[in-house]
*Asks:* 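My questions will all concern the structure given below.
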Amino acid sequence: MCGRFTLTAPVAALETLFEAEAGDVTDMPRHNICPTQDIAVVVAHAGARHIVPMRWGFIPRWYKTPSDGPLLINARSETIAGKPAFRDACRTRRCLIPASGFYEWTATAGKGKEPWYIHPAAPDDGVIAFAGVWQSWTAPEGKRLVTAAIVTTAANESLAPVHHRMPVIVAPEDWALWLGEAGKGAATLMRPAPEDLLTRHRVSTRVNGMKAEDPELIAPLPATA
DNA sequence: CCAGACGTTGTT
DNA sequence: GTCTGG
DNA sequence: CCAGACGTTGTT
DNA sequence: GTCTGG
């Protein structure tokens with residue numbers, strides 16, 4: 001699953017990578033992105049790609065308030081096409097959510113929950129793209145909120161020791177298909193990532209706190225005796 | 001027909 | 001809003 | 001995802 | 001314990 005992630009690339013780099021024009025997206029490294037916060041999202045609209053801010057936590061159209069139901073930070077790929085909450089979004093409002101990596105927690109008896117940082121194994125600062133769906137929600141008073149959820153799938157073999165779910169990661173050659181720019185077949189992209197794409201290491205439990213934000217959050221834990 | 005759900009995660 | 005259950 | 005709240009009364 | 005908020 002994916003309940004916390006990072007994005008440390010500058011907006012200008014995202015514009016180049018995704019061939020998209022950035023809107024009102026805050027340009028700052030983020031090492032601890034939490035649900036309900038604004039995230040950068042890539043959408044295709046009128047023949048061009050745009051990077052826009054959205055609230056992380058999908059609000060179905062029928063909610064009377066943003067908390068009229070559970071916080072939908074994820075959408076299961078196995079059922080997304082049929083669920084009333086996500087069906088329309090799955091068909092017509094897919095998006096990509098750029099990330100540098102994400103966190104998972106393991107619960108080991110006697111050790112409490114231990115956070116891991118999971119990121120591309122390639123030695124550069126590779127940005128990955130989560131599959132997402134988005135929804136514009138209008139409050140009764142007329143206020144508009146644009147929201148998004150990250151699509152999840154079964155964990156691949158290499159991630160399974162840490163968690164049994166993982167975000168769907170869309171390879172660059174498939175971005176156009178997921179964004180709806182290249183015909184049908186987006187559903188086939190909702191599968192676990194290749195086994196060699198990601199690597200991981202333990203990080204400090206400081207990341208548990210939502211207010212923590214600094215580069216040391218993703219630093220490997222010092223070796224312990 | 002109307003009333004009520006509509007969702008994810010993990011854990012038991 | 002749409003779908004399911006009674 | 002984790003952290004933090006979770007409640008009432010009256011008085012200021 | 002469960003629910004809400006970030």
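Within every chain, numbering begins at 1; the chains are lettered A, B, ... in the order of the sequence lines, protein sequences first and strands thereafter.
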*Asks:* Please work out which of the three classes, parallel, tilted or perpendicular, describes the rings of W175(A) and F18(A), given edges at 30° and 60°.
*Replies:*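 Rings of F18(A) and W175(A): parallel, under 30°.
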*Asks:* Look at all strands and tell whether P60(A) reaches a base, only sugar-phosphate, or nothing, counting heavy atoms closer than 4.0 Å.
*Replies:*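 Since no nucleic acid heavy atom lies under 4.0 Å of P60(A), the category is nothing.
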*Asks:* Might you confirm whether atom CG of D68(A) has over 12 heavy atoms from other residues, nucleotides or ligands at distances under 6.0 Å?
*Replies:*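 Enclosed: over 12 neighbouring heavy atoms sit under 6.0 Å from CG of D68(A).
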*Asks:* Is there aromatic stacking of W62(A) against dC6(B), centre distance under 5.5 Å, plane angle under 30°?
*Replies:*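 Base of dC6(B): stacked against W62(A).
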*Asks:* Choosing from dC1(D), dT8(B), dC2(D), which nucleotide comes nearest the side chain of N74(A)?
*Replies:*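 In terms of side-chain proximity for N74(A), the closest of dC1(D), dT8(B), dC2(D) is dT8(B).
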*Asks:* Rounded to the Å, how far apart are Y63(A) OH and dT8(B) P?
*Replies:*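 Value for this atom pair: 10 Å.
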*Asks:* OP1 or OP2 of dT8(B) versus the side-chain N and O atoms of R165(A): is any pair under 4.0 Å?
*Replies:*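 Result: no.
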*Asks:* Consider ring-ring contact (aromatic ring centres under 6.0 Å, His included). Of F130(A), Y117(A), F102(A), which one does F5(A) pass it with?
*Replies:*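 Result: among F130(A), Y117(A), F102(A), F130(A) is the only option passing the ring-ring contact (aromatic ring centres under 6.0 Å, His included) with F5(A).
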*Asks:* Would you kindly give the CE-to-P distance between M166(A) and dT8(B), to the nearest whole Å?
*Replies:*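 One finds 18 Å between P of dT8(B) and CE of M166(A), rounded.
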*Asks:* Between dT8(B), dG1(C), dC2(D), which nucleotide gets closest to the side-chain atoms of R76(A)?
*Replies:*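 Nearest nucleotide to the side chain: dT8(B).
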*Asks:* Can you find a side chain N or O atom of S67(A) that sits less than 4.0 Å from OP1 or OP2 on dC3(E)?
*Replies:*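 No, outside the criterion.
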*Asks:* Roughly how many Å apart are dT11(D) and dA3(B), using the P atom of each and rounding to a whole number?
*Replies:*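 Comparing P positions in dA3(B) and dT11(D) gives a spacing of 45 Å.
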*Asks:* Using the C1' atom as the reference point in each nucleotide, state the distance between dT2(E) and dT12(B) in Å, no decimals.
*Replies:*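 Looking at atom C1' only, dT2(E) and dT12(B) are 15 Å apart.
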*Asks:* If you count heavy atoms of other groups shown closer than 6.0 angstrom to CD of E21(A), is the number above 12?
*Replies:*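 Counting other residues, nucleotides and ligands, CD of E21(A) stays at 12 neighbours or fewer.
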*Asks:* In this structure, how many angstroms lie between the P atom of dC3(C) and the CG atom of D88(A), rounded?
*Replies:*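 About 9 Å, once rounded to whole Å.
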*Asks:* For dT4(E) versus dA5(B), give the span between their P atoms, rounded off to a whole number of Å.
*Replies:*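 One P to the other, the span is 15 Å.
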*Asks:* Using a heavy-atom cut-off of under 4.0 Å over every strand shown, decide if K83(A) touches base, sugar-phosphate, or nothing.
*Replies:*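 Sugar-phosphate, no base atom in range.
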*Asks:* Determine the interatomic distance between P on dG5(E) and the same-named atom on dG7(D); round to the nearest Å.
*Replies:*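 Their P atoms lie roughly 12 Å apart.
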*Asks:* Quick one: is dG1(C) close enough that its OP1 or OP2 comes under 4.0 Å of any side-chain N or O from R87(A)?
*Replies:*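 R87(A) to dG1(C) OP1/OP2: no side-chain N or O under 4.0 Å.
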*Asks:* Quickly work out the F5(A) CZ to dG6(E) P distance and round it to whole Å.
*Replies:*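 So the two atoms are 18 Å apart, to the nearest Å.
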*Asks:* With both distances under 3.5 angstrom, what nucleotide forms a Watson-Crick or G-U wobble pair with dG4(D)?
*Replies:*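 In the structure as shown, dG4(D) has dC3(E) as its Watson-Crick or wobble partner.
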*Asks:* Assess whether atom CD of E173(A) is packed by more than 12 heavy atoms of other residues, nucleotides or ligands within 6.0 Å.
*Replies:*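 Atom CD in E173(A) is crowded, with more than 12 foreign heavy atoms closer than 6.0 Å.
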*Asks:* Which nucleotide sits closest to the side chain of A107(A): dC2(D), dT11(B), dG6(E)?
*Replies:*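 Ranking dC2(D), dT11(B), dG6(E) by closest atom to the A107(A) side chain puts dT11(B) first.
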*Asks:* For the pair made of NZ in K64(A) and P in dA5(B), what is the distance, rounded to whole Å?
*Replies:*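 Rounded to whole Å, this separation is 11 Å.
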*Asks:* Without decimals, in angstroms, what is the distance between I39(A) CD1 and dC1(D) P?
*Replies:*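 Result: 16 Å.
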*Asks:* Check whether any side-chain N or O of T152(A) sits under 4.0 Å from OP1 or OP2 of dT9(B), and answer yes or no.
*Replies:*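 Yes.
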*Asks:* For the pair made of CH2 in W56(A) and P in dT9(B), what is the distance, rounded to whole Å?
*Replies:*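 Interatomic distance, CH2 of W56(A) to P of dT9(B): 12 Å.
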*Asks:* Work out how far the C1' atom of dT9(B) is from that of dC2(D), and round it to whole angstrom.
*Replies:*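 Nearest-Å result for dT9(B) against dC2(D) at atom C1': 12 Å.
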*Asks:* Tell me whether the OP1 or OP2 atom of dC1(D) has a side-chain N or O from K113(A) closer than 4.0 Å.
*Replies:*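 No, outside the criterion.
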*Asks:* For the residue pair Y103(A) and W105(A), categorise the inter-ring angle as parallel (less than 30°), tilted (30 to 60°) or perpendicular (more than 60°).
*Replies:*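 Taking W105(A) first and then Y103(A), their aromatic rings sit tilted (interplane angle of 30° to 60°).
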*Asks:* Starting at OH of Y117(A) and ending at P of dC1(D), how long is that distance when rounded to a whole Å?
*Replies:*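 Rounded to the whole Å, the gap is 18 Å.
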